[in-house]
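Below is one structure, written out as structure tokens, with a few remarks after it.
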Amino acid sequence: QVQLVESGGGLVQPGGSLTLSCTVSGSIFSTVAMGWYRQAPEKERDLVARMTAGGSTDYADSVKGRFTISRGDTKNTVYLQMNSLKPEDTAVYYCNVVGYYNYLRSFDSWGQGTQVTVSS
């Protein structure tokens with residue numbers, strides 16, 4: 001099974017920065033996309049940023065120019081660099097990977113989430 005483990009969350013003051021990491025393990029035939037989502041209390045889980053296998057990226061309007069998604073050279077780690085953080089960025093952030101185990105079976109895996117709190 002594909003396993004995703006996030007790290008890097010914490011408490012930061014407005015205007016500060018954090019880098020989230022997601023380590024992916026398991027047998028993967030191919031990856032369609034990987035991304036970061038977040039969910040604030042009493043809110044829906046929303047897309048923050050995602051990257052396709054071809055390298056194209058997509059960001060939520062609220063984070064454009066502040067957040068950057070990237071993939072490690074070994075292809076088993078995905079990062080989210082968060083700059084100029086705002087209180088409204090406070091949420092649990094989840095890593096997501098979509099792909100195929102083989103020609104016949106796809107997967108949509110999620111990490112356990114990491115808390116990001118932006119407050120003075």
Side-chain angles (χ1 to χ4, degrees):
Q1 299 295 314
V2 175
Q3 183 176 353
L4 281 60
V5 179
E6 301 106 330
S7 63
L11 175 64
V12 63
Q13 294 185 350
S17 299
L18 284 174
T19 299
L20 305 183
S21 300
C22 175
T23 300
V24 183
S25 62
S27 181
I28 301 174
F29 175 77
S30 65
T31 299
V32 176
M34 58 181 61
W36 290 92
Y37 295 72
R38 67 187 181 188
Q39 186 169 21
E42 306 299 325
K43 300 293 181 62
E44 297 181 349
R45 185 176 299 185
D46 296 322
L47 171 70
V48 177
R50 66 179 176 182
M51 175 182 289
T52 68
S56 63
T57 58
D58 186 27
Y59 295 91
D61 289 340
S62 60
V63 308
K64 286 182 179 178
R66 300 188 298 120
F67 291 10
T68 303
I69 187 170
S70 62
R71 191 174 183 181
D73 292 338
T74 62
K75 308 294 185 180
N76 68 341
T77 305
V78 60
Y79 303 96
L80 183 68
Q81 176 65 49
M82 305 185 293
N83 299 322
S84 302
L85 284 162
K86 305 175 181 179
E88 52 263 43
D89 295 319
T90 296
V92 177
Y93 284 70
Y94 298 90
C95 181
N96 171 249
V97 176
V98 179
Y100 289 87
Y101 291 124
N102 51 53
Y103 284 106
L104 301 177
R105 190 155 69 102
S106 63
F107 68 88
D108 186 350
S109 296
W110 295 84
Q112 82 287 352
T114 184
Q115 177 71 47
V116 172
T117 302
V118 184
S119 176
S120 60

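For the numbers below, each heavy atom of this structure counts, side chains included, while hydrogens, waters and symmetry mates do not.
Here the closest heavy-atom approach between residue M51 and residue S70 is recorded as CE-CA, 4.0 Å. When all heavy atoms of V92 and G113 are compared, the closest pair comes out as CG1-CA, 3.8 Å. Across every non-hydrogen atom of Y59 and T68, the tightest pair is OH-CA, 3.4 Å. For the residue pair A40 and A91, the shortest heavy atom distance occurs at N-CB, 3.8 Å.
Summarising the geometry, atom CZ belonging to F107 is positioned 9.5 Å from atom OG belonging to S27; distances are rounded to the nearest 0.5 Å. Residue Q1 holds its CD atom at 10.5 Å from OG of S25, rounded to the nearest 0.5 Å. We find the CZ-CG distance between R38 and L20 to be 11.0 Å, quoted to the nearest 0.5 Å. L4 contributes atom CG, which lies 4.0 Å from atom SG of C22 (distance to the nearest 0.5 angstrom).
Between the side chains of Q13 and S120, not a single donor N or O lies within less than 3.5 Å of an accepting N or O.
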message: For a side chain to side chain contact (heavy atoms under 4.5 Å, CB included) check, start with the C-alpha distance between L18 and F67, then their side-chain angles and the critical distance, and finish with the verdict.
response: CA-CA 10 Å; L18 284 174; F67 291 10; over 6 Å; no
task: Test V2 against Y101 for side chain to side chain contact (heavy atoms under 4.5 Å, CB included), laying out the working first.
output: CA-CA 9 Å; V2 175; Y101 291 124; 3.5 Å; yes
- prompt: Could you walk me through whether E6 and Q112 pass the side chain to side chain contact (heavy atoms under 4.5 Å, CB included) check?
  reply: CA-CA 7 Å; E6 301 106 330; Q112 82 287 352; 2.7 Å; yes
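Residues V98 and R50 fail the side-chain proximity criterion, which asks for heavy atoms closer than 4.5 Å. Side-chain contact check for C95 versus M34: every heavy-atom pair is 4.5 Å or farther apart. Using a 4.5 Å heavy-atom threshold, the side chains of D89 and R66 count as touching.
Y79 and V63 fall into different hydrophobic clusters, where Ile, Leu, Val, Met, Phe, Trp and Tyr side chains are chained together by heavy-atom contacts under 4.5 Å. I69 is connected to L85 through a chain of hydrophobic side-chain contacts under 4.5 Å among Ile, Leu, Val, Met, Phe, Trp and Tyr, so both are in one cluster.
Ring geometry, Y94 versus W110: the interplanar angle exceeds 60°, so the pair is classed perpendicular (tilted spans 30 to 60°).
Between D61 and K64, at least one side-chain nitrogen of the basic residue sits less than 4.0 Å from a carboxylate oxygen of the acidic one, meeting the salt-bridge criterion.
The main-chain N or O of S109 is found under 3.5 Å from a side-chain atom of N96 such that the two form a donor-acceptor pair. In this structure, T114 contributes its side chain and G9 its backbone to a donor-acceptor pair below 3.5 Å. Distance alone, capped at 3.5 Å, is enough to place a donor-acceptor pair between the T90 side chain and the V118 backbone.
The distance between the ring centers of Y100 and F29 does not fall below 6.0 angstrom.
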